[in-house]
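A short worksheet on the structure shown next.
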Amino acid sequence: MAVQDALLPCNPTTSPRVSQIMTLAQANTAQSVPARDTIVIRNVKKYFGPTRALDGVSFSAREGEIHAVVGGNGCGKSTLAKVASGVLPVDSGSVSILGETPSSPAESKAVGISTVYQEVLVADESSVVDNIFMGVDKLFSKTLSFDKKVERSAQLMLELAGEEVDPHALVGTLPLGLKQWITIARSLVNEPRILVLDESSAALDFDSTERLFSKMRALRDGGTTILIVTHRIAELIRISDRATVLRDGHDVGVLEKEQITEKNLLALMTGDEAAGEKTVHVAPQPKSDAAILKAEDITIWEGTAPFDFTLRPGEIVGIAGLDGQGQDEFVRVLAGVQGAQSGSVVVTSPQGEPNLVKSLSDAVKNKISYVSGDRKREGIFASLSIFENMAMPLYREKKRGGFLGVIDWGTLGGIFKREADNLLIKFGAKEDRITSLSGGNQQKVLIGRGFAMRPNIIVLNDPARGIDVGAKNELYKHLHTFAEEGKSVVYMSSELEEFVGFATRVLVFRNGMPFDAFDGRSLDPKTVLEAMFGQTSGAGLKEAWAKSYVATEPEPSHPPKTEPVEPPEQTRPVQSVAAPKTATPAPVKKIRIVEFDSETGEARSLSQ
């Protein structure tokens, strides 16, 4: 509330000095009044069959605050978010949203609630503008003309995504990160009083997440209540004003701004006081220099210089880059999910035989498994059970009875139990549909499927999107053990912290090709971030430990961008021609590296 709105009218006979004193006193009183609660939930219970998603949860959020809901997979976070957004009825308890109890999505929208759900819900066959304004118009009336909608869509996408997006483009042709921005833009069209973000940053890279946080702070300062559900602890520590922690359907604590630390969050999430203690990790090293997989003269975009990549036994190669810089296509090419523009991918069998990988079936035959972070499009079979989603790729392999081909259900059951226990998957019955699980547990099933195939190489495309910190740690342990056994991992991630103490080496992509590389034994996330913005020299590609992926033609003709103020445009280059081998790289301009204060959100300089 503005200060002048809180001031009482002064008596005209009162002197100006007395009026001024009264005005200041009234303003101070107004500022000391706590913000009102916009969401009040008391002793709410919500069951899905035998599953108790919420078991007596109480929760409240205030006007003008960012309130995080934290907990492990299956603890009830998304259910609470849907209850708070008014789209999910409760079995018992009371719910008050802005003083009302909406009972349908339409009523919630009328009250002033907008929700961005965990799944990226877009209509691939429709345009960007139609997706953003979906559900805004009434049956016989329109809120804006079509031209105004196009203009507003272009403005929102430029503000949020940081790049121009054609409002008429079909959404199905866009990358996952832009689809996530479309769902966020849809929620902001009506200027909501309550904004609920359920894992909204899961599909966004570092740069995109910073823009989202800036928008969230602006909305909060304008009086909007923002409810955020996220598994990225480092993010919620920095952005949240308060945090409510859930465990097994119960609220176990509310932390104020100064109490929100990784240690406190993990202790409440797990019930273990020592859960937040730091552990020392050592990145695995290659067992030999012999190649288990080799990509030669590869190009993944038209007009870019070809490069080589070699994967060695026993190493974990981290792949990083800003959204839309080619790293996603690269890992898909390695796994046979899509073809390269040119070049070849060759896998060496245990017997030393080279085998080309041109398709997903070739990859499976050569013991390569692929795990996607986009579980909705590339992962789950929504109409099948939890068990079938994990075990289906093994049906042909695990059979008996000769030509009869009877599936060995006993063996498959043992594999399912092992992987479910290893990844801490929380589920009711294995015969339940996979859609009965939380998004994080669905992702764990996909990761379990990848391990169940007993690969020699596992390629993971942002696999930890939406899974809790406990499951992430278990995943890292399994991948570390996997590498120690002499097998190999290619791990693409949008979270740089995942690579520290985990990756043998990290390869940064820009403009559809490797830009720089870093040794995992001395990895500095700030330097990796510099490379993502084109602010390093690329010398890492020429180091002895990185000889396996020196580009065939070392430098692109255009020098790296050196403007530190604005992030680079994340669009594919029309053309990129390799420079002569004698070309001298352009000097690299220094940029300022900043760190955000966990209490104030302000940036402070760390280095140049």
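From Asn355, atom CG reaches atom CG of Asp362 across 8.5 Å, with rounding to the nearest 0.5 Å. Between the CG atom of Leu322 and the OG atom of Ser208 there is a distance of 8.0 Å, given to the nearest 0.5 Å. Atom-to-atom distance recorded for Gln285:CD and Ile316:CD1 is 10.0 Å, nearest 0.5 angstrom. In this structure, the separation between CE on Met157 and CG on Leu178 is 5.0 Å, given to the nearest 0.5 Å. If you take CG on Asp308 and CG on Leu541, they are separated by 11.5 Å, rounding to the nearest 0.5 Å. With rounding to the nearest 0.5 Å, the separation of CD in Glu296 from OG1 in Thr310 is 7.5 Å.
What you find for Val116 and Gln180 is that their closest heavy atoms are CG1-NE2, 3.7 Å. When all heavy atoms are compared, the tightest approach of Gly486 to Lys287 is CA-CG, 4.0 Å. Shortest non-hydrogen contact noted between Ile425 and Asn441 is CA-OD1, 3.6 Å. The two residues Ala68 and Leu236 make their nearest non-hydrogen contact at CB-CB, 4.4 Å. Ile298 and Ala340 get closest at one heavy-atom pair: CD1-CB, 3.9 Å. Between Leu446 and Ser372, the shortest heavy-atom contact is CD1-O, 4.1 Å.
Taking the six-membered ring where the residue is Trp, the centroids of Phe502 and Tyr491 are separated by under 6.0 Å.
Taking the side chain to side chain contact (heavy atoms under 4.5 Å, CB included) definition, one finds that Thr481 meets it with Glu485, sequence neighbours left out.
With respect to Lys77 and Glu199, no salt bridge is recorded, no charged nitrogen being found less than 4.0 Å from a carboxylate O. With respect to Arg454 and Glu419, a salt bridge is recorded, a charged nitrogen being found less than 4.0 Å from a carboxylate O.
Checked by atom type and distance alone, the side chain of Ser488 pairs as donor or acceptor with a backbone atom of Arg312 at under 3.5 Å. A donor-acceptor contact shorter than 3.5 Å is absent between the side chain of Lys487 and the backbone of Pro313. Not one N or O on the side chain of Asp462 forms a donor-acceptor pair closer than 3.5 Å with the backbone of Ser493. At distances below 3.5 Å, not a single donor-acceptor pair connects side-chain atoms of Arg211 with backbone N or O atoms of Glu159. Of the possible donor and acceptor atoms, one in the side chain of Asn264 sits under 3.5 Å from a partner among the backbone N and O of Gln259. Proximity of a side-chain donor or acceptor of Thr504 to a complementary backbone N or O of Pro284 within less than 3.5 Å is detected. Under a 3.5 Å cut-off, the side chain of Gln535 and the backbone N or O of Phe533 do form a donor-acceptor pair. Gln341 contributes no side-chain N or O that, together with a main-chain N or O of Glu302, makes up a donor-acceptor pair within less than 3.5 Å. Side-chain atoms of Glu329 do not come within 3.5 Å of backbone N or O of Gly324 as any donor-acceptor pair. Checking side-chain atoms of Arg521 against main-chain N and O of Ala283 turns up no donor-acceptor pair under 3.5 Å.
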*Go through the steps for Gln442 and Asn389 under the test side chain to side chain contact (heavy atoms under 4.5 Å, CB included), then give the verdict.*
CA-CA 9 Å; Gln442 292 178 24; Asn389 267 273; over 6 Å; no
_Run Leu479 and Phe451 through side chain to side chain contact (heavy atoms under 4.5 Å, CB included) and show every step you take._
CA-CA 9 Å; Leu479 290 174; Phe451 280 111; 3.5 Å; yes
*Steps toward side chain to side chain contact (heavy atoms under 4.5 Å, CB included) verdict (Phe499, Val528)*: CA-CA 10 Å; Phe499 296 132; Val528 177; 5.6 Å; no
*Please walk me through it: do Ile300 and Phe509 pass side chain to side chain contact (heavy atoms under 4.5 Å, CB included)?*
CA-CA 11 Å; Ile300 54 177; Phe509 267 70; 4.1 Å; yes
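No side-chain heavy atom of Glu543 sits under 4.5 Å from any side-chain heavy atom of Asp519. Residues Ser344 and Leu356 have side chains in contact (heavy-atom distance under 4.5 Å, counting atoms from C-beta outward). Leu293 is not listed as a side-chain neighbour of Val490, based on a closest heavy-atom distance of 4.5 Å or more. No side-chain heavy atom of Val128 sits under 4.5 Å from any side-chain heavy atom of Asp166. In this structure, the side chains of Leu334 and Phe309 come closer than 4.5 Å at one or more pairs of heavy atoms. Side-chain contact between Leu160 and Leu212 is absent, with no heavy atoms from C-beta onward closer than 4.5 Å. For the pair Val333/Gln338, a side-chain contact is recorded, criterion being any heavy-atom separation below 4.5 Å from C-beta on. In this structure, the side chains of Gln327 and Leu507 stay at 4.5 Å or more apart for every pair of heavy atoms.
At a cut-off of 3.5 Å, with distance as the only test, no side-chain donor of Thr304 or Thr299 sits close to an acceptor on the other residue. Side-chain contact, Asp516 with Thr536: a donor N or O sits under 3.5 Å from an acceptor N or O.
Annotation for Lys294: atom NZ does not count as buried by contact number, only 12 or fewer foreign heavy atoms lying within 6.0 Å.
The residue from Leu496, Asp524, Val508 that alone fulfils the side chain to side chain contact (heavy atoms under 4.5 Å, CB included) condition with Leu529 is Leu496.
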